[in-house]
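Data first, discussion second: the structure below is written as structure tokens.
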There are 2 protein chains.
Amino acid sequence: MATSLAEENYLKIIYRLSENTELGVSTNAVAELAQTKAASVTDMLQKLAEKGWVIYQKYQGVRLTPSGQKIALSIIRKHRLWEVFLVEKLGYNWDEVHEIAEQLEHIESESLIQKLDEFLDFPDRDPHGDPIPTRDGKMADQIYQPLSELKEKMDCVLMGVAKDSAVFLQLLTKLDLNLGAKITILEINSFDRSLQIQVNSASPIFVSHEVAKNILVKA
Amino acid sequence: MATSLAEENYLKIIYRLSENTELGVSTNAVAELAQTKAASVTDMLQKLAEKGWVIYQKYQGVRLTPSGQKIALSIIRKHRLWEVFLVEKLGYNWDEVHEIAEQLEHIESESLIQKLDEFLDFPDRDPHGDPIPTRDGKMADQIYQPLSELKEKMDCVLMGVAKDSAVFLQLLTKLDLNLGAKITILEINSFDRSLQIQVNSASPIFVSHEVAKNILVKA
DNA sequence: ATATTTTTTTAGTCTTACCTAAAAATTTAT
DNA sequence: ATAAATTTTTAGGTAAGACTAAAAAAATAT
Ligand SMILES: [Mn+2]
Ligand SMILES: [Mn+2]
Ligand SMILES: [Mn+2]
Ligand SMILES: [Mn+2]
């Protein structure tokens, strides 16, 4: 069945909110991400349920059916492949690509994504370190851990980010915290959990706990 | 002012129909290309006029204002650049790209088109030989002529097509009539104006007047 | 246990872009 | 010049996807 742009965006949002929980996703949570009102969300959830893409019961929240999940994963696959294209081929920085990919992810053509994937040499991570779902809808687990979970004196490599807002990514770029950066934790301040770290053996810098939580690393 | 997808498509259609004539474009002509009904077109023309993109007077047809023309040209620029990308970078054939470009042309990002243009090395023709409007909205004239206008014994090179329907392009491909093909007119049959031609010095083939009309060549 | 607050749903509108049917204007034919 | 045919516009509706305000349900506090 054909999906409208609005439907695709809702399914993607529900997918994202389902990643961390087993329970149904709340109407308000969807409304916030969709930048719309709860009443509009209720309308749409009823429509998505009729189409068989979500399980929805009044006041019980919503969850994706297998077919809804499949659609969401295909949109995410397209989004991430286009992000790779924008960075690798067109020379964008990682903080500039999300909005454009939000548009490109809705282009409908099986062959286009197939050829794009090939052109990009079948990447398995996007420019933010997020796994790219395979053609048959399997997504690798996020195997990296937040920098905030590491202990003092530990070394690690920056493998991704847990948030792709432009301001956050620009901050990282300014601090030389790019994909692949080598990080050493010098000290963790117990007062505010901020970290003193060394990036690529340069002079030490401070990052807040909030920043460290959103940096994904491999030990 | 922001343009909706529907508005962009209407402006593009009006541009296309204006290319050959000085007069206003008729409601019915627009309706046919938009695959919609005349009543819907009238609605839209009134809206476009309010926005200042067309001059519209009841029963007098419609024509683009300079700002309407500018929008149309920017959509056409995007369409044709994407077609170059699809053929040159992703390996599509020229008969497969139009529908996908119809979607891609509506992606909104100045920088994206700028970078795409650069990535493609600033092409000035698309895979069908059509000129690509410049960033400031100038489009080169179509300087090629239909094969049907040439006389017997003349040599020419295939530089473009006047129609980009998939069936037509597939026929040309089957006959080895690709961009750059060398054509010699052996004979023109006065009965139905069909032509006997030689392509790249291979054995002679026949093409109808209808086909010849839509093949653009340089003598 | 009851009252209050928060969340969610329903009811009623709005805008965009389409539709059909009917009316009006224009064009073509006699 | 009139009549007939065609084109275009108007009038009135529909579906998608949003909104606000009000009602209902659920969660939280007293
Ligand atoms: Mn993104
Ligand atoms: Mn990403
Ligand atoms: Mn095209
Ligand atoms: Mn073209």
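Quick note on labels: first sequence line is chain A, next is B, and so on, each numbered from 1.
- Per the geometry, OH belonging to A/Y59 stands 6 Å off P belonging to D/dA25, to the nearest Å.
- Heavy-atom nearest nucleotides on DNA chain D were determined for A/Q60 and for B/V41, and the one closer to the 5' end corresponds to B/V41.
- Side-chain atoms of A/Y15 do not come within 3.5 Å of backbone N or O of A/I71 as any donor-acceptor pair.
- Ring geometry for A/H128 versus A/W94: interplanar angle under 30°, hence parallel rather than tilted (30 to 60°).
- Distance, A/L48 CG to D/dA16 C1': 12 Å, rounded to whole Å.
- Rounded to whole angstrom, the span from the CD atom of B/Q57 across to the P atom of C/dT26 amounts to 12 Å.
- Counting only distance, with no hydrogens or angles, the side chain of A/R63 and the backbone of A/I55 share no donor-acceptor pair below 3.5 Å.
- Atom-to-atom, CG of A/N28 to P of D/dA26 comes out at 16 Å; the value is rounded to the nearest Å.
- Between A/S40 and the phosphate of D/dG17, there is no side-chain N or O to OP1/OP2 separation shorter than 4.0 Å.
- Among the atoms of the strands shown, only primed sugar atoms or phosphate atoms (P, OP1, OP2) are found under 4.0 Å from some heavy atom of A/T36.
- Summarising the geometry, atom NE2 belonging to A/H106 is positioned 9.0 Å from atom CD1 belonging to B/I107; distances are rounded to the nearest 0.5 Å.
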Identify the pairs formed between an N or O of the protein and an N or O of nucleotides 10-17 of chain C at a distance under 3.5 Å, and give each distance.
{"from": "C/dT10", "atom 1": "OP1", "to": "A/K58", "atom 2": "NZ", "distance (Å)": "2.7"}
{"from": "C/dT10", "atom 1": "OP2", "to": "A/Q46", "atom 2": "NE2", "distance (Å)": "2.8"}
{"from": "C/dA17", "atom 1": "OP1", "to": "B/S4", "atom 2": "OG", "distance (Å)": "2.5"}
{"from": "C/dA17", "atom 1": "OP2", "to": "B/K47", "atom 2": "NZ", "distance (Å)": "2.1"}

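- Going from atom CD of A/Q35 over to atom P of D/dA18 covers 12 Å, rounded to whole Å.
- Residue contacts shown for A/T27 are limited to sugar-phosphate atoms, with no base heavy atom under 4.0 Å away.
- Summarising the geometry, atom CG belonging to A/L90 is positioned 11.0 Å from atom CG belonging to B/D117; distances are rounded to the nearest 0.5 Å.
- Between A/E210 and A/K213 there is a salt bridge, since a side-chain N of the basic residue sits under 4.0 Å from a carboxylate O of the acidic one.
- Computed from coordinates, the B/K37 NZ to D/dG13 C1' distance equals 15 Å when rounded to whole Å.
- With B/K12 as reference, B/E105 is the one residue of B/E105, B/H79, B/E7 to meet the side chain to side chain donor-acceptor pair (under 3.5 Å) rule.
- The CG atom of B/L23 sits 15 Å away from the C1' atom of C/dT26 (whole-angstrom rounding).
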